[in-house]
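Presented below is the structure to which this report refers.
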Amino acid sequence: MPSLKLTDSFCRGAKCPEGKAQEDYWDTQSPGLGLRVMASGKRTWCYRYRWQGQRRRLTLLPFGNAAPAHDGDGNLVPIEMTLSAARLKANELLAMRESGIDPAIQFKKAKEARSTKTTNTVAHALGRHLAVLEGRGRRAGYIGDIRTLFRVHVLPVIGDMPITDVRTSDVAPIFQKLRASGASATHNKILAVMPPVFKSAKAIDPITSQFDPMPGNEEPQAPSLEELALIWSALDSPNISVHPLTALAVRVAALTMKRSGEVASMLVSELNLKTRTWNIPAAKMKGNRPLTVPLSDFAVELITEALEHPLRPASEETPVCVFPNPRDPLKHIGQNAVGRAFRSAKRAAGLADHGATIHTVRHCAATTLGETGIPFHLLQALLSPAPRGSGVTSRYARYDLLAERRNALEKWASLVSQAIGRDGDQSNVVRLR
């Protein structure tokens with residue numbers, strides 16, 4: 001356990017000796033103050049002393065200069081400690097001992113006080129609200145979206161505050177930052193999902209009457225069929241690093257007109273390639289209703305290629321995912337991976353400034369099929385955003401239009417095949433990887 005006069009530069013570069021799990025460096029300028037360095041690289045301040053003949057040790061804050069955060073009372077408290085701050089803390093603990101107070105007792109009392117205050121923070125209220133949504137059978141993807149929005153944008157600002165103490169001035173920085181960056185969609189989503197969290201905790205809603213939704217692009221920019229063909233072909237471009245299985249997921253999403261998250265999580269057990277159907281369970285669907293998706297011959301061909309692809313990661317267990325994660329064969333690729341692959345192909349196709357996303361391919365398909373004479377009610381059934389019809393119609397008409405949807409998807413697959421040069425002259429075929 002070396003002792004030396006610690007400096008900021010030494011603390012920043014301090015390392016644990018090879019072969020050891022940890023090493024303590026004790027400061028000669030402030031007796032009792034030490035910097036514990038773990039093999040992982042984590043650096044934490046500690047303080048050792050003797051009390052009534054017994055050696056004791058307190059763990060302080062990690063080394064660093066991160067900005068302070070809110071405590072349970074809404075006050076700003078440090079979450080990391082610089083060398084100078086650690087020395088000041090060591091002097092406080094020394095003064096406490098000299099006045100006849102055991103620092104360990106004070107630390108224990110402070111910890112117990114914090115634990116009683118944090119049971120009704122914004123973070124805890126969010127957890128309880130999400131648990132209620134889960135108990136009501138809300139879709140896992142919807143709950144995950146709320147959790148991500150709060151984790152990224154809300155909790156770093158007010159997560160540790162008691163939810164009953166949060167006021168408009170506390171949440172204003174969240175929305176000001178989103179407005180400044182032009183993130184209208186995220187701004188409006190948080191504006192919509194935050195009030196139920198406060199309502200469930202019986203706290204004052206600090207946003208409903210204070211912040212208005214940001215105007216956004218009401219009409220998503222969808223690619224034309226010709227632009228989709230360019231993006232489809234660019235998935236094979238050597239200038240982008242898209243895994244072949246992810247590229248296949250993008251193409252299957254385009255042909256089935258389903259959401260990227262539904263396609264990314266496709267399981268082998270959900271498929272019946274003999275009847276050319278894909279049975280999506282209710283938990284994966286936005287409307288929380290199971291759906292049988294008819295598969296065109298082209299879609300079956302791509303799914304079969306994914307199942308037999310030579311780059312499919314090997315696993316000791318039977319793979320359950322159609323599009324497995326290359327790093328973990330027992331897990332499926334992420335929805336974001338499909339979106340990133342589409343954006344990479346879009347740039348490679350020379351459409352970097354185009355607003356198309358993998359989701360707006362559904363707009364392209366619906367518009368194109370509508371122009372060919374597919375009726376509106378059938379387009380709605382293909383997109384499956386909500387129960388068919390309304391009122392009495394949805395209650396009595398239980399026919400799922402499977403045959404009609406199959407014919408429409410075969411027509412869409414034929415249009416895509418023609419656009420990419422797959423039909424007719426085979427010399428112009430875009431070869432799948």
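Just so you know, these numbers come straight off a predicted model, no measurement behind them.
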Just checking, is any N or O donor in the side chain of T360 or H363 under 3.5 Å from an acceptor N or O on the other one?
-> no
R36 and its side chain to side chain donor-acceptor pair (under 3.5 Å) partner, picked from D24, T59, T44 = D24
Run through N65, L61, L88 and flag the one making a side-chain contact (heavy atoms from CB on, under 4.5 Å) with M81.
-> L61
For A172, check side-chain contact (heavy atoms from CB on, under 4.5 Å) against everything at least two apart and list the hits.
-> Q176, F211
Could you check N279 against T292 for side-chain hydrogen bond (donor to acceptor under 3.5 Å, both in side chains), going step by step and ending with a plain yes or no?
-> CA-CA 4 Å; N279 297 299; T292 298; 2.9 Å; yes
Across all chains, not counting sequence neighbours, the ring pair (Phe, Tyr, Trp, His ring centres under 6.0 Å) partners of Y47 are Y49
Are K89 and D27 close enough for a salt bridge, meaning some N to O gap below 4.0 Å?
-> no
State the NZ-CZ distance between K331 and R327, to the nearest 0.5 angstrom.
-> 12.0 Å
Applied to residues 264-281, the salt bridge (Lys or Arg N to Asp or Glu O under 4.0 Å) test, sequence neighbours excluded, yields E270-K284, R276-D297, R276-E410
Give a yes or no on whether E134 atom CD has more than 12 heavy-atom contacts from other residues, nucleotides or ligands under 6.0 Å away.
-> no
State, without any angle test, whether N272 and T277 hold a side-chain donor-acceptor pair at a distance under 3.5 Å.
-> no
Going by the angle between their ring planes, with limits at 30° and 60°, are W232 and F298 parallel, tilted or perpendicular?
-> tilted
Beyond-backbone contact of L235 with F342, side-chain heavy atoms, under 4.5 angstrom | no
